[in-house]
Amino acid sequence: MAESTSDSLRPALADGVVPESVVARTEKRWFMLMAAMLAVMMVVVVVTGVVGALHPASNVEVVDPLTLHLEGEFVESNLGTAIEMDGSATVRIVALQYDFVPSCVQVPVNAPVRFRLTSADVIHGFLLPDTNVNTMVVPGFVSEVRTRFARTGEYEMPCNEFCGLGHHGMWTRVRVVPAEALSTKSPLERSRCAR
Ligand code: CUA
């Protein structure tokens, strides 16, 4: 009753002005439509994530970050550069707050190079400027990047993902050297140039 009384007290709307009740109804419909679209998108994200087993883009290999130092590919003695039978190089690096292990690696020039990285704690970033090497290093996963260096030289590689208070001090070096200058000669040897 109160409503109709106040309505009757209002001056008549000018031509072309939409009554408040119509505006409210339209807004409510649009709101419901948006909420429904949002719900559909959330369902799509969850369903594709679970059904497609989506993982970080670079790789789907998993590794237990708690036992990296005890067993498997990333034990300390296996880190650094290995030269495979075909002359390509495989470089294994562990990133952890706040260092890369090893903190300097050598790779051969003009040969396929495969970086395999993982993290022992939080997400770090590995990026070599002007190359295709740019990956997040996520705990629990192995990030693999394949590349080839056309020139010798040295890359100074700061951690590329904010990982905590010591992030700015987290660096590694990648030295690109002629194959004959590498101290590593066999798939069983590992080399690093860290002091
Ligand atoms: Cu590690 Cu930033």
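Start at 1 and go down the list; that is how both ligands and their atoms are numbered.
Of the possible donor and acceptor atoms, one in the side chain of Thr81 sits under 3.5 Å from a partner among the backbone N and O of Gln106.
For Cys159 atom SG and Cys163 atom SG, the angle they make at atom 1 (Cu) of ligand 1 is roughly 120°, to 10 degrees.
Restricting His167 to its N/O/S atoms, the shortest distance to atom 2 (Cu) of ligand 1 is reached by ND1. For Glu161, the N/O/S atom at the shortest distance from atom 2 (Cu) of ligand 1 is named O. Nearest to atom 1 (Cu) of ligand 1, among the N, O or S atoms that His124 has, is ND1.
Residue contact annotation: Tyr98 places no N/O/S atom under 2.8 Å from atom 1 (Cu) of ligand 1. Look at His168 and atom 2 (Cu) of ligand 1: no N/O/S atom of the residue is under 2.8 Å from the metal.
The CG atom of Leu128 lies 13.0 Å from the CZ atom of Arg173; values are rounded to the nearest 0.5 Å. For the atom pair Leu165 CG and His167 NE2, the distance stands at 11.0 Å (nearest 0.5 Å).
Residues Ser143 and Thr135 approach most closely at CB-OG1, 3.6 Å, considering heavy atoms.
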Q: Any chance you could lay out the salt bridge (charged side-chain N to carboxylate O under 4.0 Å, His left out) test for Arg25 and Glu27, step after step, and finish with the verdict?
A: CA-CA 5 Å; Arg25 198 179 343 125; Glu27 279 188 345; over 6 Å; no

